[in-house]
Amino acid sequence: VQLQASGGGLVQTGDSLRLSCVASGGTFINYGMTWFRQAPGKEREFVATINWNSEYTDYTDSVKGRFTISRDNPKKSVYLHMESLKPEDTAVYYCAAAPSGRYSYSSSRDSVQYDYWGQGTQVTVSS
């Protein structure tokens, strides 16, 4: 599976962005999908996850109520709609895919579960 992330950019505090991640080369519905991010000098961290049929989503506390993860299986895409952006949201955002046989609600925040990663898209929020 190849993942291509896009949609990042330079925005101001309070603005919105929608990140997209398009998959190719695999059966998209067989994967749980997750967004991670990595800020300069920090470790990569979990942001949001969604299971294959969108019945399960989870968010890190700092983005709850501001970010929404969604997916469109026919388009083989996962999205991260981000609102009320803050400077602390500045990071490179990565989409990742874990096969359904390994993806679980209890481990979906763990990056080692993910076999496939997009190249990352930079989000910069100015104050």
Side-chain angles (χ1 to χ4, degrees):
V1 174
Q2 293 80 46
L3 302 176
Q4 181 72 40
S6 63
L10 173 62
V11 297
Q12 295 184 337
T13 297
D15 283 352
S16 300
L17 273 178
R18 189 180 82 155
L19 305 184
S20 299
C21 176
V22 180
S24 60
T27 303
F28 189 64
I29 61 171
N30 288 345
Y31 294 89
M33 300 297 298
T34 298
W35 288 95
F36 292 85
R37 66 186 180 186
Q38 187 166 19
K42 294 186 178 181
E43 294 186 352
R44 185 161 48 192
E45 66 169 348
F46 166 83
V47 177
T49 190
I50 189 166
N51 77 329
W52 73 276
N53 63 0
S54 304
E55 287 186 350
Y56 174 78
T57 60
D58 187 27
Y59 301 87
T60 194
D61 285 347
S62 63
V63 309
K64 285 181 179 177
R66 300 189 298 122
F67 290 12
T68 303
I69 190 170
S70 62
R71 65 189 292 163
D72 185 332
N73 287 337
K75 293 184 178 179
K76 295 187 175 182
S77 296
V78 62
Y79 307 101
L80 187 67
H81 184 71
M82 306 183 293
E83 297 181 347
S84 302
L85 282 163
K86 304 175 182 179
E88 51 263 45
D89 295 319
T90 294
V92 178
Y93 284 71
Y94 299 90
C95 56
S100 294
R102 187 183 309 141
Y103 180 88
S104 69
Y105 302 163
S106 61
S107 65
S108 59
R109 296 186 175 212
D110 187 353
S111 62
V112 300
Q113 304 300 320
Y114 295 86
D115 292 340
Y116 306 101
W117 293 81
Q119 84 287 5
T121 185
Q122 176 71 48
V123 173
T124 303
V125 185
S126 64
S127 58

Once rounded to the nearest 0.5 Å, what's the spacing between atom [atom1] of [X] and atom [atom2] of [Y]?
| X | Y | atom1 | atom2 | result |
| --- | --- | --- | --- | --- |
| S111 | R44 | OG | CZ | 5.5 Å |
| N51 | S104 | CG | OG | 11.0 Å |
| Q119 | C95 | CD | SG | 7.0 Å |

### Task
Go through the steps to decide whether D89 and K86 satisfy the test salt bridge (Lys or Arg N to Asp or Glu O under 4.0 Å), and finish with yes or no.
CA-CA 5 Å; D89 295 319; K86 304 175 182 179; over 6 Å; no
### Query
So, the side chain of T34 versus the backbone of A96: is there a donor-acceptor pair under 3.5 Å, distance only?
no
### Message
Under a 3.5 Å distance rule, please check whether R109 uses its side chain to pair with a backbone N or O of Y105 as donor and acceptor.
### Response
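Here the side-chain-to-backbone pair does not exist.
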Side chains of [X] and [Y] in contact at under 4.5 Å (non-hydrogen atoms):
| X | Y | value |
| --- | --- | --- |
| S77 | S20 | no |
| V47 | L80 | yes |
| I69 | V78 | yes |
| Y94 | T121 | no |
| L17 | F67 | no |
| M82 | Y93 | yes |
| V123 | T90 | no |
| R37 | V63 | yes |

### Message
Would R71 pass as a cation-pi partner of W52, given that its NZ or CZ must be under 6.0 Å from the six-membered ring centre and within 45 degrees of the axis?
### Response
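No, cation not above the ring by the 6.0 Å, 45° rule.
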### Task
Measure from NZ or CZ of R102 to the centre of the six-membered ring of Y114 and say whether it is under 6.0 Å with the direction within 45° of the ring axis.
no
Smallest separation among heavy atoms of [X] and [Y], with atom names:
| X | Y | result |
| --- | --- | --- |
| Q113 | A98 | O-CB, 3.3 Å |
| A97 | M33 | CB-SD, 3.5 Å |
| S127 | P87 | CB-CG, 3.9 Å |
| A23 | F28 | CB-CD1, 3.6 Å |
| I29 | S100 | O-OG, 4.0 Å |
| A39 | A91 | N-CB, 3.8 Å |

### Task
Quick one: do Y103 and T49 satisfy side chain to side chain donor-acceptor pair (under 3.5 Å)? Show the steps, please.
CA-CA 10 Å; Y103 180 88; T49 190; 2.7 Å; yes
### Message
Classify the ring geometry of Y116 against Y31: parallel below 30°, tilted from 30° to 60°, perpendicular beyond 60°.
### Response
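Plane angle over 60°, so perpendicular.
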Crowded around [X] [atom1]? As in, over 12 foreign heavy atoms under 6.0 Å?
| X | atom1 | value |
| --- | --- | --- |
| E88 | CD | yes |
| Q12 | CD | no |
| K64 | NZ | yes |

### Task
Check the pair V125 / T13 against side-chain contact (heavy atoms from CB on, under 4.5 Å), numbers first and verdict last.
CA-CA 6 Å; V125 185; T13 297; 4.1 Å; yes
### Query
If two hydrophobic side chains count as joined below 4.5 Å and joins carry through other members, does F36 share a cluster with Y59?
no
